[in-house]
Amino acid sequence: MKRKTGENRNFAVFKRWTRKSFAVFNSLKKVIKISALSVSISSLFLPKIAGAQHDTLNTVKEYDLDSVEIVDSSLTDAFEISSQVIQVVTSKDLKTSPVLSIQDVLEIVPEIDVRQRGGNDIQADISIGGSSFDQVLIMLNGINITNPQTGHHNLDLPVSLSQIERVEILNGAGSQSYGANAYSGAINFVTENSYINKIEARLVAGSYGFYNIDASVNIAGKKQRHFIAFDRSASSGYIENTDFKKHNIYYNGRKNFKNSFLEWQIGGGFKSFGANSFYTARFPNQYEETGNILTSLSYRSFGKTGISSHIYWTMHSDKFELFRDMINAPSWYKNHNYHLTGVAGTNNRFTRKNVLGITTLGFDIRYEHIAGNVLGLPTGDTVKALFYKDGFYTRADSRTNFSVFTEHKVSFKNLNILLSLTANTNTAYKGKIRLYPGLNIDYRAGKHWLIKAYFNRSLRLPTFTDLYYSGPANTGNPELKPEEAINVNASLNFKWNLLKSHISFFSTFGNNSIDWVRLSNTLKWKPMNVTRVVTTGFDLSASLDFSNKNIFINKISVQYIFINKNSSAGEYQSHYVMDYLRDNVVVTAGFTIYKGVGTDWFYSFKHRNGNYLKWDEETGKEEQVPYGHYNIVDARIYWKHKRFMIFTDVKNILNVTYYDYGNVPQPGRWFYLGVKYKFEK
């Protein structure tokens, strides 16, 4: 074992690993780098995609890396499920990639289907493994910020891509540890967490009057750090009524003690944007404003017994105008939609190492409330809307979700087994208790092979929009039941020298699955519990990393995902369930041109199953049109020199016309020019 120094902190480098537990290092104030560590993480996006994993309390993770860095992080609570595909996209991976927003990052992760209505982090729906956009849990630094009003708002984060240190993606159901809404997977966004004093700034300008300004300051000492960030962006829009303005402000702090630490965060953001045909093509001149506030406090302690505890509160406001500024509004349209959601919760985990393995006990309590003039039950009162002088609330609803869970992990040389069980109940369903078991197994078959499998059950609660929304083309259903699923996954992972590859097969058997359906074009869409939805698919990937070889090619990766779904909806037209990404091919490559000059390329082929109802404004009729397939190519050329980086991005180089959602055309070719500055001390 050799000792080195990095970032003013000591760390140990191990040249060999004997498979003994290394969780004891969590109690040391050191960074541990483990070389030649056996692996079980999927490397799908870039060759370096499987990044740093930190503060593991509950289950000791194994990663398919040449070097894994273990430092303090919110990963304590996020994604500690053994034998499931966990993908980590780091800021280092993205430094030269043609991405400018959080939505862009998720686009290049093949497991994720990003259906953008408004680009540049304005609005997008996220699904994993063929799920709906309400079936993915979203976290910021381990805090559940999933929006109970609708999944359309799940990516309303108080930070921009520049403030994200890494993105952790759980590809598979996680209701055993995270409770309701981790139905098909979860995504955790982790902000800057280093102990380096630094200042960073970015300025980007582009087509259609686009600009982005963001800046951050990280102030660090031996026992504490403070991170402050601000960003602002705007555009005049690529077509009529797609203009937007957006700004965020965010602060994260941390205080370290001997074997524990406190961490806190507070942030807020606001967006206003033209929503051309976002929710219905019949009235394209839509407009929306959203605002969000987040605050949380976390405590973690390490050692033979580990404690992880969070308390948090979030608030989200939403103003939706079906007719922007009441222009051409018909007589039946009297008021805009105003809603305010509030969420308060606590999540707690207690982990103990013993002679039988590692045991975890925990509980989660989450209170959700909504007030508005469309969603909820009538209150009999009229309350002035927060933030909007002309808005009001006449409806409201609330519910509280309780989860108690336990996990136990045992290890036998090359075999790891994790058993889990969650008991869940919600006040909206008269306290009925539902059980969600899980079994995770991974087996190291020789030096280069890792076999992984899991079986579990998952849960998703209806959103308040599912329950109550009523509009010109939709009506809610307050009788909806929670949807549940049985999930099965098996994968084979291989690593040899510069090559990493992966193949997995998965199936999800959904029961009481929620879909918006209707019997004919003349009726409104209504959410119903479709009896059964079966999803099957497979995932193939391979990547080569030449970054340490000092040659022209830096990296190259290829991945293909196939998904097939069957529903027992009968004669009903499906609005979401049968509308999914069937084939997705993603190729990424990076090249060095000359000293400090390079280029990164991204290519994707997407074939979306299903049809959309194309609206003909002249005839006033809808026509069913298949989504079909399309090809997207993005590229970045950059120059790096000391503290500066200058880059130019071209998005959708082929200028393809395509639709993530029917009647909402995505931008054609879009140019960006940007400069980054970073000063470290």
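Only a predicted model underlies this, so the values are computations on that prediction, with no experimental measurement involved.
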Check your understanding: Would you say the side chains of Asn292 and His316 form a donor-acceptor pair under 3.5 Å?
Key -> no
Review point. Sub-3.5 Å donor-acceptor pair from the side chain of Lys651 to the main-chain atoms of Pro98, do we have one?
Key: yes
Point to revise | Working for salt bridge (Lys or Arg N to Asp or Glu O under 4.0 Å), residues Lys409 and Glu407 | key: CA-CA 7 Å; Lys409 180 179 179 179; Glu407 298 173 352; over 6 Å; no
**Study point:** Asn248 side-chain N/O to Gly267 backbone N/O, donor-acceptor pair under 3.5 Å
**Key:** no
Review point. Are side-chain heavy atoms of Tyr367 and Trp313 found at a separation under 4.5 Å?
Key: no
Review point. Once the angle between the rings of His152 and Phe133 is folded into 0 to 90°, is it parallel (under 30°), tilted (30 to 60°) or perpendicular (over 60°)?
Key: parallel
Check your understanding: Heavy-atom distance under 4.5 Å between the side chains of Asn141 and Ser298, does that happen here?
Key -> no
Point to revise | Shortest non-hydrogen contact between Lys95 and Met645, atoms and distance | key: O-CE, 3.3 Å
Revision key, fill the gap. With sequence neighbours left out, the residues meeting side-chain hydrogen bond (donor to acceptor under 3.5 Å, both in side chains) with Ser160 are Gln163
Review point. Given the rule in the side-chain hydrogen bond (donor to acceptor under 3.5 Å, both in side chains) test, do Arg225 and Asn193 qualify, once you have shown the distances and angles that lead to the verdict?
Key: CA-CA 8 Å; Arg225 62 170 172 79; Asn193 61 5; 6.0 Å; no
Point to revise | Qualifying residues under side chain to side chain contact (heavy atoms under 4.5 Å, CB included), relative to Asn354, sequence neighbours excluded | key: Leu356, Thr359, His408
Check your understanding: CG of Leu361 to CZ of Phe405: how many Å apart, nearest 0.5 Å?
Key -> 8.5 Å
Check your understanding: Would Leu157 and Tyr250 count as a side chain to side chain contact (heavy atoms under 4.5 Å, CB included) if you check the C-alpha gap in whole Å, the side-chain angles of each, and the deciding distance to 0.1 Å?
Key -> CA-CA 10 Å; Leu157 305 175; Tyr250 176 79; over 6 Å; no
Review point. What do the steps show when you test Asn212 against Leu100 for side chain to side chain contact (heavy atoms under 4.5 Å, CB included), and what is the final call?
Key: CA-CA 9 Å; Asn212 169 250; Leu100 290 172; over 6 Å; no
Practice item. List for me each residue that meets salt bridge (Lys or Arg N to Asp or Glu O under 4.0 Å) alongside Glu289, sequence neighbours excluded, and say none if there are none. Key: none
Revision key, fill the gap. Heavy-atom nearest pair, Phe546 first then Ile553, reads CB-O, 3.1 Å
Review point. At what distance, to the nearest 0.5 angstrom, does CG of Asp121 lie from CG of Leu106?
Key: 8.5 Å
Point to revise | Phe189 vs Val105 side-chain heavy atoms within contact, under 4.5 Å | key: no
Review point. So how far is it from Arg300 CZ to Leu262 CG, rounded to the nearest 0.5 Å?
Key: 10.0 Å
Run the side-chain donor-acceptor check on residues 589-599: report pairs under 3.5 Å with partners two or more places apart or on a different chain.
| unit_1 | atom_1 | unit_2 | atom_2 | d |
| --- | --- | --- | --- | --- |
| Thr592 | OG1 | Asn554 | OD1 | 3.0 |
| Thr592 | OG1 | Asn554 | ND2 | 3.2 |
| Thr599 | OG1 | Trp601 | NE1 | 2.9 |
| Thr599 | OG1 | Arg636 | O | 2.8 |

Point to revise | Those residues that, when tested against Lys271, pass salt bridge (Lys or Arg N to Asp or Glu O under 4.0 Å) (two or more places apart) | key: Asp156
**Study point:** Heavy-atom check, side chain of Asn416 versus side chain of Ser411, under 4.5 Å
**Key:** yes
Practice item. For Asp231, enumerate each residue passing the salt bridge (Lys or Arg N to Asp or Glu O under 4.0 Å) test, keeping only those at least two apart in sequence or located in another chain. Key: Lys246
**Study point:** Thr290 OG1 to Gln149 CD distance, which is reported to the nearest 0.5 Å
**Key:** 10.0 Å
Review point. Could you give the distance from CD1 (Ile196) to CG (Asn218), rounded to the nearest 0.5 Å?
Key: 8.0 Å
Exercise for review: For the residue pair Thr96 and Phe647, establish whether any side-chain heavy-atom pair is separated by less than 4.5 Å.
Suggested key: no
Check your understanding: Is any side-chain heavy atom of Asp634 closer than 4.5 Å to a side-chain heavy atom of Asp649?
Key -> no
Practice item. Using the side chain to side chain contact (heavy atoms under 4.5 Å, CB included) rule, take Leu450 and Arg444 through it: C-alpha gap first, then chi angles, then the decisive distance, then the call. Key: CA-CA 5 Å; Leu450 180 70; Arg444 168 65 59 183; 4.1 Å; yes
Point to revise | Test log, rule side-chain hydrogen bond (donor to acceptor under 3.5 Å, both in side chains), inputs Asn256 and Arg254 | key: CA-CA 7 Å; Asn256 293 326; Arg254 175 162 164 167; 2.9 Å; yes
Exercise for review: Sort out for me which residue in Asn188, Thr90, Ile187, Val89 forms a side-chain contact (heavy atoms from CB on, under 4.5 Å) with Glu168.
Suggested key: Asn188
Review point. Who pairs with Lys255 by side chain to side chain contact (heavy atoms under 4.5 Å, CB included), at least two apart in sequence or on another chain?
Key: Lys223, Gln224, Phe257, Trp264
Practice item. Taking all non-hydrogen atoms of both residues into account, name the closest pair between Phe227 and Ser216 and its distance. Key: CE1-CB, 3.6 Å
Practice item. Taking Ser309 for its side chain and Tyr299 for its backbone only, find out whether a donor-acceptor pair lies under 3.5 Å. Key: no
Review point. Is Pro148 close to Val343 at the side-chain level, that is, under 4.5 Å between some pair of heavy atoms?
Key: yes
Exercise for review: List the steps, then state whether side-chain hydrogen bond (donor to acceptor under 3.5 Å, both in side chains) holds for Thr346 with Asn348.
Suggested key: CA-CA 7 Å; Thr346 180; Asn348 304 271; 3.0 Å; yes
**Study point:** For Ala124, side chain to side chain contact (heavy atoms under 4.5 Å, CB included) partners two or more places apart
**Key:** Gln103, Val114, Gln116, Leu155
**Study point:** Partner set under side-chain hydrogen bond (donor to acceptor under 3.5 Å, both in side chains) for Thr341, not counting sequence neighbours
**Key:** none
Review point. Between the side chains of Ser162 and Asp214, does any donor sit under 3.5 Å from an acceptor?
Key: yes
Practice item. Test side chain to side chain contact (heavy atoms under 4.5 Å, CB included) on Phe602 and Val586 and set out the steps. Key: CA-CA 7 Å; Phe602 164 75; Val586 172; 3.5 Å; yes
Exercise for review: Output yes when Glu200 and Arg202 qualify as a salt bridge under the 4.0 Å nitrogen-oxygen rule, no when they do not.
Suggested key: no
**Study point:** OG1 on Thr305 to CZ on Arg352, rounded to 0.5 Å
**Key:** 3.5 Å
Exercise for review: With sequence neighbours left out, write down each residue that passes side-chain hydrogen bond (donor to acceptor under 3.5 Å, both in side chains) with Ser296, or none if nothing qualifies.
Suggested key: Gln265
Point to revise | For Ile228, all residues meeting side chain to side chain contact (heavy atoms under 4.5 Å, CB included), sequence neighbours excluded | key: Tyr251
Exercise for review: Could you check if a side-chain atom of Tyr312 sits within less than 4.5 angstrom of a side-chain atom of Asn144, using non-hydrogen atoms only?
Suggested key: yes
Check your understanding: Do the side chain of Thr648 and the main chain of Tyr672 share a donor and acceptor less than 3.5 angstrom apart?
Key -> yes
Review point. Of all residues at least two apart in sequence or in a different chain, which pass the side-chain hydrogen bond (donor to acceptor under 3.5 Å, both in side chains) check with Asn154?
Key: none
